[in-house]
Trainee: 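Got a structure for you, questions after.
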Amino acid sequence: MATERTLSIIKPDATRRNLTGKINAVFEEAGLRIVAQKRVQLTEAVAGAFYAVHKERPFYNDLVSFMISGPVVVQVLEGENAVLKHRDVMGATDPKKAAPGTVRAEFAESIEANSVHGSDSLENANNEIAFFFAQTEILP
Ligand code: RTP
Ligand code: MG
């Protein structure tokens, strides 16, 4: 197994409800280490660029509005098979379909306000980490 890094975002619905610590506990209990973390207010330009892959999707404008509706916590998580492990503990996009015990089953409000983002491949993880963090901000 390989040690990987993935990009995680605790979304505005979760920061609003003061759930950062509870979500971080799920990650840490799964063996993921938080090696970088910052609380930021995304702008429309930054959120729009981050989600550019979804530009043609019907939910794109709503997603960008939601992601700038309050602060987010952007993090780099490190561990064995971190990309897949993080996706597993997040649960399905739609909380109604998320397995019990996953972050989205426990905390998400809706398919949009679903509390967390996680990179979906190692290649995207590397790009998303570089989007938010300088190498000097990541401290394993
Ligand atoms: P994420 O990128 O946030 O980790 O989530 P994901 O891979 O599970 O879902 P993705 O298909 O990449 O969608 C990105 C985010 O867009 C919002 N969404 N809304 N209204 C809708 O039908 C809908 N579908 C997706 C969610 O916030 C989703 O996480
Ligand atoms: Mg995605």
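We count ligands from 1, going down the list as the structure has it; atoms in each ligand are counted the same way. Everything quoted here is computed from the prediction, not taken from an experiment.
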Trainee: Start with the C-alpha distance between L139 and V35, add both sets of side-chain angles, then the distance that settles side-chain contact (heavy atoms from CB on, under 4.5 Å), and finish with yes or no.
Mentor: CA-CA 5 Å; L139 300 169; V35 295; 5.8 Å; no
Trainee: Please go through L122's hydrophobic cluster and name the other residues, only I, L, V, M, F, W, Y counting, with side-chain heavy atoms under 4.5 Å joining them.
Mentor: V83
Trainee: For E123, check side-chain contact (heavy atoms from CB on, under 4.5 Å) against everything at least two apart and list the hits.
Mentor: S121, N127
Trainee: Just do the salt bridge (Lys or Arg N to Asp or Glu O under 4.0 Å) check on E106 and K22 with the steps written out, would you?
Mentor: CA-CA 10 Å; E106 295 296 311; K22 284 187 173 148; over 6 Å; no
Trainee: Identify, with sequence neighbours excluded, every residue that meets ring-ring contact (aromatic ring centres under 6.0 Å, His included) alongside F27.
Mentor: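 Checked F27 against ring-ring contact (aromatic ring centres under 6.0 Å, His included); matches are H86.
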Trainee: For ligand 1, what N or O to protein N or O distances fall under 3.5 Å?
Mentor:
from	atom 1	to	atom 2	distance (Å)
ligand 1	2 (O)	H117	ND1	3.0
ligand 1	3 (O)	K11	NZ	2.9
ligand 1	3 (O)	H117	ND1	3.2
ligand 1	4 (O)	R87	NH1	3.4
ligand 1	4 (O)	H117	ND1	3.1
ligand 1	4 (O)	G118	N	2.9
ligand 1	4 (O)	G118	O	3.3
ligand 1	5 (O)	R104	NH2	3.2
ligand 1	7 (O)	R87	NH1	3.0
ligand 1	7 (O)	R87	NH2	3.2
ligand 1	8 (O)	T93	OG1	2.5
ligand 1	8 (O)	R104	NH1	3.3
ligand 1	12 (O)	H54	NE2	3.0
ligand 1	27 (O)	K11	NZ	3.0
ligand 1	27 (O)	E112	O	2.8
ligand 1	27 (O)	N114	OD1	3.4
ligand 1	29 (O)	K11	NZ	2.9
ligand 1	29 (O)	N114	ND2	2.9

Trainee: If you draw the axis of the six-membered ring of F133, does the NZ or CZ of K38 fall within 45° of it and under 6.0 Å from the ring centre?
Mentor: yes
